[in-house]
Protein chains: 2
Amino acid sequence: MTHCHTTLQSLRQQGFRVTPQREMIVETLAHSETHLSAEEIHQRLQPRSKTLNLATVYRTLDLLVEQGYATRLVGKGGKFLYATRQHSRHLHLICRKCGRTYPADLKGLEPFIAHLKQTYGFQVEVEHLTFYGVCPNCLQST
Amino acid sequence: MTHCHTTLQSLRQQGFRVTPQREMIVETLAHSETHLSAEEIHQRLQPRSKTLNLATVYRTLDLLVEQGYATRLVGKGGKFLYATRQHSRHLHLICRKCGRTYPADLKGLEPFIAHLKQTYGFQVEVEHLTFYGVCPNCLQST
DNA sequence: AATATTATCGCAAAGTTTTGCAATAACAGA
DNA sequence: TCTGTTATTGCAAAACTTTGCGATAATATT
Ligand SMILES: [Mn+2]
Ligand SMILES: [Mn+2]
Ligand SMILES: [Zn+2]
Ligand SMILES: [Zn+2]
C-alpha cells in the first residue's frame, strides 16, 4: 500500500471527504522527489483535470499540513513549497545568503526533542525540521 | 548605544545607505516587544511619514533578514511576521493545530548546533529558531 | 560646498496566497 | 439504491508580497 493511499484513508477516517481533487494532489506530492509549489502541482495536474482550481490545491495543501501529512517551507523569493512526510526524515539547512537547501541528518537531536516534550509538553514534528543559517560556500565568500 | 543604532551603523559599514525610511523601520522593529507584520510597521509609521511606501517596508525587512539583523516567521494564515535579534535568544514552538506560539529555552541544543557546524560546515542561526508541532492543549483535546 | 555616482525610493503592476459564496458531490442512513 | 446533509469545489474578489522603472537622495570625491 503506497503512502498516498494511507494518507487518503486516514483523512477519510478523520471525517474528511476523499475527492478526486484531493486524490490527485496527494498522489502528486507523494510521488515527487522534490519540494513542490502549489502552482507546480496545479500545472502537473492540468492534463488530468482541466477544471481543477488553484485555490483547491492551496486548500488541500493547507489541510495536509494542518493534519500533519505534509510540510510547508519557505523557498527562495518567499514562495511556499510543500513536501510529504514520505520523504525520509531529515533536517533542512537553508542558507540565508544563497537560498540553497542542504539535507542533514537528525542524529543527535532526539534527546533535545524529548526534553522539550518533558519540559513544555510540546510534541515537535521531527519529520521535516528546518534550520536557517549560512552555508559553507557563503561563509567562505564573505 | 541602542540596538537600532548598531544595526544602522553596521549596515552603513557594509556599504548600504542609511535612509530615513530604514532608520524608522529598524527603530520600530527594535523597540517592539512582539513580532510585527510589514503592514503593522507601515501603519505605526504613518504619523511620522505620510509617504513611506509599503514596498519600502518589505524591501527593508528583506534586507534586515538577509543581513541577519532580523528573522522572518510564518504567522497564522500564512502572513509573514518579523522580529529583531535584540529579542533575547529563544526557541519558538508553534502549534500546527491552534497556531499559538510558545517560547522555550535553547539550553541543551548547543551541542547539536556545533555538530552541524563540524559535520556540514553550516552555521545555524540560533537566535530565533522555530519548531513546529502540537501544543499540550491541542494534544489533550484530540 | 558643489558634483558625480548609483543605491534606494515611490508608484504601479504583477505575482502569490487566502477567502466568501453559491453550486456540487461525498457519504451516512433509510 | 435513493435521499438528505453538509463538506468541498470553482470562481471571482480580496489580501498579501514581490518587482520593474524612472525619479530622488545618500555618499564619496573634488
Ligand atoms: Mn526535504
Ligand atoms: Mn520570538
Ligand atoms: Zn549559501
Ligand atoms: Zn495548539
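Within every chain, numbering begins at 1; the chains are lettered A, B, ... in the order of the sequence lines, protein sequences first and strands thereafter.
Distance NE2 (B/His42) to C1' (C/dC11): 12 Å, rounded to an integer number of Å. Look at CE on A/Met24: it is 12 Å from P on C/dA26, rounded to the nearest Å. If you measure from atom OH of A/Tyr58 to atom P of D/dG10, you get 15 Å, rounded to the nearest angstrom. As rounded to whole Å, 15 Å separates atom C1' of D/dA15 from atom CG of B/Leu81. What separates CZ of B/Arg17 from C1' of C/dC9 is a distance of 11 Å, to the nearest Å. To the nearest angstrom, P of C/dT17 lies 7 Å from NZ of A/Lys79. The distance from atom CG of A/Asp62 to atom P of D/dA7 is 18 Å, rounded to the nearest whole Å. Rounded to a whole Å, the CG atom of B/Asn53 is 20 Å from the P atom of C/dA7.
At the heavy-atom level, B/Thr51 lies under 4.0 Å from the strands shown only through sugar-phosphate atoms. B/Ala38 comes within 4.0 angstrom of nothing in the nucleic acid, heavy atoms only. Contacts of B/Gly15 with the nucleic acid, taken as non-hydrogen atoms under 4.0 Å apart, are absent. No contact: A/Glu39 has no heavy atom under 4.0 Å from any strand.
Contact check for A/Leu52 versus A/Met24: side-chain heavy atoms found under the 4.5 Å cut-off. Annotation: side chain of B/Arg48 is in contact with side chain of B/Glu27 (closest heavy-atom distance under 4.5 Å). Counting heavy atoms from C-beta on, the side chains of A/Tyr69 and A/Val26 never come closer than 4.5 Å.
The side chain of B/Leu54 sits closest to D/dT17 out of D/dT17, C/dC11, C/dC27. The side chain of B/Arg72 lies closest to D/dT17 when the candidates are C/dC9, D/dT17, C/dT17. Listed nucleotides D/dT8, D/dG10, C/dT8 differ in distance to A/Arg22; the shortest reach to its side chain belongs to D/dT8. Comparing D/dA12, D/dA26, C/dC11 by their closest approach to the side chain of B/Pro20 singles out D/dA26. When distances run from any side-chain atom of A/Arg12 to the nucleotides C/dT8, C/dG10, C/dC27, the shortest one goes to C/dC27.
For A/Tyr120 (side chain) and B/Cys135 (main-chain N/O), no donor-acceptor pair under 3.5 Å exists by modelled atom type.
Residue A/Thr56 places at least one side-chain N or O closer than 4.0 Å to OP1 or OP2 of D/dG10. Residue A/Ser37 has no polar side-chain atom (N or O) positioned under 4.0 Å from OP1 or OP2 of C/dT16. Put simply, B/Gln21 has no side-chain N or O that comes within less than 4.0 Å of OP1 or OP2 on D/dA25.
Taking the six-membered ring where the residue is Trp, B/Phe131 and A/Phe112 present perpendicular rings, their angle passing 60° and hence far from 30°.
Comparing the start and finish of the helix from C/dA1-D/dT30 to C/dA30-D/dT1, five pairs each, the helix axis swings through 40°, to the nearest 10 degrees.
Between the base of D/dT18 and the side chain of B/Arg59 there is no donor-acceptor pair shorter than 3.5 Å.
In summary, the side chains of B/Gln43 and B/Glu39 do present a donor paired with an acceptor at a separation below 3.5 Å, with no hydrogens or angles considered.
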